[in-house]
Amino acid sequence: MDWKDTLNLPKTDFPMKANLTEREPLFLAFWEERAIYKKMLEKRKGAPLFVLHDGPPYANGHIHLGTALNKILKDIIIKSRTMMGFQAPFIPGWDCHGLPIELNVERELNVKRGELPPLQIREACRKYAERFINIQREEFKRLGVFGDWSKPYLTMDPEYEAVIAREFLRFLETDQVYRRKKPVFWCPTCVTALAEAEVEYEPHESPSIYVKFPLTTETINFLERELKLVLDKPTFVVIWTTTPWTLPANLALALNPEFTYLLIELEGEYLIVAEGRLSALCVELGIDLPKILARFSPTLLEGKKAKHPFYERESLFVLADFVTLDTGTGIVHIAPGHGEEDYLVGLKYGLEIYTPVDEEGKFYPDTPLVGGLTLSKANEIILSELSNRGLLFRSGRITHNYPHCWRCKKPIIFRAEYQWFISMEAKALRTKALNALKNVKFIPSWGINRIQSMLESRPDWCISRQRVWGVPITVFKCESCGEILKDYKFYEKVIELFKKEGTDIWFTLTPEELLPENAKCPKCGGTVFSKEKDILDVWFDSGVSFAGVLERREELTFPADLYLEGSDQHRGWFQSSLLCSVGTRGVPPYKMILTHGFVVDGKGRKMSKSLGNVIHPQDLIKKYGAEIVRLWVSAEDYRDDIKISQEILDRLVETYRKIRNTCRFLLGNLYDFDPERHLIPFEKLPPFERYLLHCLSQSLNKIKRAYENFEFHLVTYEIHRFCSVELSSLFIDINRDYLYCEAPDSFKRRATQTVLYYALDTLVKTMAPILSFTAEEIWQNLPYSKGDLESVFLADLPDYDFQLSEEELSFWKNTLLLREEFLRALEIARKDLKIIGSSLEAELYYFPVEEYRSLLRDHAFWEYFLMVAKFEEVPDLEDPLFVSDEIKGLKISIRKTQYKKCERCWQRRPEVGTLENPELCYRCLEVVKEISK
RNA sequence: GGGCCUAUAGCUCAGCUUAGGUCAGAGCGCACGCCUGAUAAGCGUGAGGUCGGAGGUUCGAAUCCUCCUAGGCCCA
């Protein structure tokens with residue numbers, strides 16, 4: 001007879017091989033058809049809300065591993081919070097406006113800026129954004145990310161655009177917005193401002209001149225007093241520049257507060273340079289080391305003045321960190337209208353942002369000396385003027401990297417233009433924002449330091465862009481007196497129109513059409529107005545998402561519980577959102593900020609095309625399935641940089657297989673188990689089963705705590721560890737005999753199945769937020785009733801808590817310790833002596849330590865627990881096979897058993913061969929009798 | 001160049017902060033062996049780390065301090 005037919009072997013349709021690539025789309029379709037996301041929310045109607053607000057990715061290009069990681073983390077949170085009993089909606093969004101799209105569109109249409117009417121560009125941009133939104137939406141959905149994909153928020157939706165404009169007006173109304181000049185990259189050839197992304201650095205030959213600025217008499221007198229010397233010769237500071245044409249705009253001279261400066265005597269004059277540059281300068285200029293008259297700190301000169309080299313005005317000495325010793329003299333000529341750093345230091349010292357250069361790169365006609373000239377012509381004139389005045393210390397030419405326009409490839413300049421700003425100080429926005437942060441929880445905790453220090457030092461927020469793809473800065477200006485209309489009543493009509501038709505109308509309608517009837521300037525009564533041409537910085541678009549989404553969607557609330565983005569957003573979205581919210585609402589838009597690191601390769605280096613180490617999520621999905629990508633996201637500690645490599649992927653695949661297989665075994669052995677009828681209460685379970693449920697509870701608690709704290713790598717670790725350690729190699733290995741060989745409805749088998757049932761229930765639910773596809777697949781293969789829960793995501797995380805007494809725990813601690821020692825002995829018998837293969841062939845003899853004697857008394861238990869033929873205590877062991885290190889005094893010997901093997905259960909028992917059926921052991925004989933009844 | 005952060009076995013992580021003191025742990029992988037009724041599975045045993053480096057504080061440091069190196073993010 002083939003006894004195999006009398007065994008309860010596992011039965012399940014759940015395949016061992018996952019085939020994720022092929023099967024995942026089936027579950028995506030299942031979730032979509034059954035509207036599981038919607039049902040998740042419906043089921044938790046009235047439950048406490050958990051609002052995770054999605055930071056909008058930019059609608060440009062395909063998703064990469066970073067965006068995939070971000071969305072998967074969000075998805076894990078949404079699913080886990082839902083299963084913890086929260087109502088956790090997820091409204092994904094996209095950032096649609098802005099320069100990168102506008103530039104790509106210009107490139108696709110092969111046009112330069114301004115060649116097409118704004119509306120035509122805007123329409124093309126809208127199409128472009130829509131295209132990538134659709135691409136990214138499918139890519140996100142493919143990852144198994146749940147959310148309201150049919151109604152995402154788009155910053156280019158008319159309603160959202162109206163919100164952006166409305167929020168801008170709140171700043172305007174409250175006097176937090178002002179206009180001021182600020183230098184920007186400027187192409188005089190194309191007659192346009194350029195963004196950083198439109199600038200290319202190319203070698204370029206420029207003049208290289210050293211210019212002497214005479215000190216004012218007052219400064220000379222001051223220095224004579226301070227340094228106690230007589231300046232009886234002409235005294236100058238020396239600067240170096242490659243842009244002589246910026247000298248007409250010179251307003252200051254910057255020294256580094258950290259350096260020491262020298263007064264030297266050279267060629268019959270006194271000169272001031274930085275000490276750290278002197279020797280290099282001498283080499284460069286081919287002169288001998290000059291006589292040093294004095295050394296002094298630059299703070300001495302701060303606030304003092306020099307004379308402009310060719311104008312009748314003065315130039316202020318200022319201090320600035322950015323002055324270096326790499327080139328020049330350690331003294332930098334400052335033209336606040338023509339350089340970023342110059343501008344900032346100019347602001348600090350209250351200098352004018354002075355720009356005598358027009359849009360086409362010519363000096364304004366009223367500029368002395370160079371009026372009406374081009375920059376290169378002005379360079380020549382300035383050089384000869386300096387030379388005539390004897391102030392050109394040295395002159396040459398230099399080839400260096402210089403910014404060029406990416407369109408026309410011509411050199412560009414820095415030139416100040418009027419820009420709109422949100423003031424950090426006008427209404428104490430900086431202070432309010434810093435205070436507001438104190439109520440925000442940061443994960444990791446150092447996030448607050450980072451955003452704080454950025455906030456403390458950031459300049460006013462420049463919110464204007466000279467572009468077309470964006471939300472217009474809705475400002476009307478009185479043509480007669482220049483007054484800016486700030487009252488919201490002038491803009492109500494505009495906002496209403498925006499809501500209905502989008503912001504195109506700002507470009508098409510006249511101010512008269514946009515303003516309310518009979519609008520009058522409150523200052524002069526004028527009735528003719530102009531409208532602003534600039535658009536808003538896209539950071540403002542996304543910065544007001546709390547107003548466009550949290551406050552407007554009925555399923556959400558303001559403020560959000562959580563914002564979750566990469567750590568680069570401390571400067572970006574977290575900050576723009578904070579400023580927008582604090583500036584208009586007085587509170588931050590979030591209660592918690594969670595940041596993750598960046599995806600790097602196995603060696604910790606960033607992914608780049610040049611390094612050739614870029615991994616695309618699309619390839620991973622194709623090769624492994626989205627599930628492995630999800631597992632990767634969960635297994636890594638996202639607070640640091642997140643590594644990915646072939647080895648990491650290989651390990652993850654192994655981890656996945658182990659979890660999957662363990663669940664498959666559980667499914668297969670529960671085929672005839674109905675928890676309603678067969679579940680055995682914890683109190684009545686045998687000790688080992690009780691111990692296992694205790695372990696399961698411990699794991700479950702760890703997992704729930706980890707979800708609570710957003711520590712998903714601990715979840716994955718614990719699930720995997722529990723599967724391999726407690727379940728697979730301990731419980732299943734030992735109790736498999738009960739499952740297969742005992743009578744189907746026997747206590748031992750049902751007790752074992754009770755443990756398997758709890759284990760599977762816990763595994764399938766706790767893995768669901770991470771291994772969503774597999775959890776759903778398991779759920780659909782459950783052999784017992786799922787009640788009315790058609791998807792695992794409609795279930796809650798389990799909440800059982802099986803606890804053992806101290807005595808029981810200590811019993812199991814010692815029992816498992818002893819087991820390890822016996823297993824070591826068995827391994828020696830197997831590997832070195834080769835007297836056994838399976839432990840079932842072994843007879844085990846031990847000489848105990850008194851301390852453990854009582855634990856070992858139940859020989860039948862140990863035979864079962866160690867899966868050996870015989871377990872016996874002996875008075876002493878002369879020549880033991882194994883002497884324990886861990887348990888001093890414990891000696892063990894092993895013999896191959898002479899017992900015959902039961903053909904049904906394969907155990908070696910003394911009675912085999914003596915019973916009415918000689919092939920069977922006593923247990924199996926009884927079982928066979930029972931099942932044949 | 002500045003600010004913030006990270007660095008524990010081949011891999012992923014514990015341990016480090018509001019306690020500095022058991023031979024530094026786990027899982028996986030690896031090696032070797034077993035099983036063949038979870039089988040492109042399962043089980044066992046074992047080998048792997050001077051806790052990035054160098055100083056310092058301390059009776060004692062992976063844990064505290066300083067510097068350095070490598071890497072990341074954001075600025076310049």
I want to confirm an ordering. Mapping Cys723(A) and Phe665(A) to their closest nucleotides on RNA chain B, which one lands closer to the 5' end? Phe665(A)
Between Cys905(A) and Leu611(A), whichever has its closest RNA chain B nucleotide further toward 5' is Cys905(A)
With heavy atoms under 4.0 Å as the rule, sort [X] into base, sugar-phosphate or nothing.
X	value
Leu7(A)	base
Glu903(A)	base
Glu718(A)	nothing
Ser457(A)	nothing
Leu652(A)	nothing
Arg736(A)	base

Between the protein and nucleotides 65-71 of chain B, list the N/O to N/O atom pairs that are separated by less than 3.5 angstrom.
from, atom 1, to, atom 2, distance (Å)
G71(B), O2', Gly604(A), O, 2.4

Side chain of Asp342(A), backbone of His338(A): donor and acceptor closer than 3.5 Å? no
Can a donor-acceptor pair be found, under 3.5 Å and without considering hydrogens, that links the side chain of Asn256(A) to the backbone of Val323(A)? yes
Between A9(B) and G25(B) - C1' atom distance, rounded Å: 11 Å
Does [N] pair with anything, Watson-Crick or G-U wobble, both distances under 3.5 Å, and if so, with which nucleotide?
N	value
G1(B)	C75(B)
C32(B)	G44(B)
C13(B)	G25(B)
U66(B)	A54(B)

To the nearest angstrom, how far is [X] atom [atom1] from [N] atom [atom2]?
X	N	atom1	atom2	result
Asn449(A)	C4(B)	CG	P	8 Å
Arg571(A)	G72(B)	CZ	P	19 Å
Arg657(A)	U39(B)	CZ	P	14 Å
Phe322(A)	A76(B)	CZ	P	12 Å
Asn735(A)	G37(B)	CG	C1'	16 Å
Glu636(A)	A14(B)	CD	C1'	15 Å
Asn669(A)	U39(B)	CG	P	11 Å
Glu340(A)	C75(B)	CD	P	12 Å

Presence of [X] side-chain N/O under 4.0 Å of [N] phosphate oxygens OP1/OP2:
X	N	result
Ser567(A)	C74(B)	no
Arg660(A)	A41(B)	no
Arg450(A)	G3(B)	no
Arg664(A)	U39(B)	yes

Mind listing the side-chain donor-acceptor pairs of residues 757-764 of chain A below 3.5 Å, one per line with the distance, residues two or more places apart or on another chain?
from, atom 1, to, atom 2, distance (Å)
Asp761(A), OD1, Lys765(A), NZ, 3.0
Asp761(A), OD2, Lys765(A), NZ, 3.2
Asp761(A), OD2, Tyr800(A), OH, 2.5
Thr762(A), OG1, Tyr758(A), O, 2.9
Thr762(A), OG1, Tyr800(A), OH, 3.3

Rounded to the nearest 0.5 angstrom, the CZ-OG distance for Arg721(A) and Ser728(A) is 12.5 Å
Rounding to 0.5 Å, atoms SG (Cys695(A)) and CG (Leu700(A)) come to a distance of 12.5 Å
Exceeds 12 heavy-atom contacts within 6.0 angstrom, atom NZ of Lys900(A): no
Exceeds 12 heavy-atom contacts within 6.0 angstrom, atom CG of Asn19(A): yes
For the residue pair Trp812(A) and Tyr691(A), categorise the inter-ring angle as parallel (less than 30°), tilted (30 to 60°) or perpendicular (more than 60°). parallel
Sugar-phosphate means primed atoms, P, OP1 and OP2; the rest is base. With that split, encode nucleotides 23-30 of chain B 5' to 3' as B, S or - using protein heavy atoms under 4.0 Å. ---BSBS-
Would you mind telling me which of [options] lies closest to the side-chain atoms of [X]?
X	options	value
Phe598(A)	C73(B), G37(B), G46(B)	C73(B)
His713(A)	U12(B), A14(B), G44(B)	A14(B)
Asp640(A)	C11(B), U6(B), G3(B)	U6(B)

[X]: side-chain hydrogen bond (donor to acceptor under 3.5 Å, both in side chains) partners, not counting sequence neighbours:
X	result
Glu275(A)	Arg295(A)
Lys11(A)	none
Arg819(A)	none
Gln575(A)	Arg458(A)

Examine the base of A38(B) for any acceptor or donor lying under 3.5 Å from a partner atom in the side chain of Ser728(A), and report the outcome as yes or no. yes
Kindly confirm or rule out a cation-pi arrangement of Lys182(A) over Tyr343(A), judged by NZ or CZ under 6.0 Å from the six-membered ring centre and within 45° of its axis? yes
Can you sort out the partners of Gln646(A) under side chain to side chain contact (heavy atoms under 4.5 Å, CB included), two or more places apart, ordered by chain and number? Lys623(A), Tyr624(A), Leu649(A), Asp650(A)
Taken in chain and number order and not counting sequence neighbours, the residues that satisfy side chain to side chain contact (heavy atoms under 4.5 Å, CB included) with Glu851(A) are none
Are there any protein N/O atoms within less than 3.5 Å of an N/O atom in nucleotides 33-35 of chain B, and if so, which ones and at what distance?
from, atom 1, to, atom 2, distance (Å)
C34(B), O2', Gly837(A), O, 3.0

List every contact pair, protein side and nucleotides 15-18 of chain B side both N or O, where the distance is under 3.5 Å.
none

Side-chain polar contacts of residues 734-741 of chain A - donor-acceptor pairs under 3.5 angstrom, sequence neighbours left out - could you list them?
from, atom 1, to, atom 2, distance (Å)
Asn735(A), OD1, Tyr864(A), OH, 2.6
Asn735(A), ND2, Glu689(A), OE2, 2.7
Asn735(A), ND2, Thr752(A), OG1, 3.0
Arg736(A), NH2, Asp733(A), OD1, 2.8
Asp737(A), OD1, Gln907(A), NE2, 2.9
Asp737(A), OD1, Arg923(A), NH2, 2.9
Asp737(A), OD2, Gln907(A), NE2, 3.4
Asp737(A), OD2, Arg923(A), NH1, 2.9
Asp737(A), OD2, Arg923(A), NH2, 3.4

Any side-chain donor-acceptor pair under 3.5 Å between Ser634(A) and Thr716(A)? yes
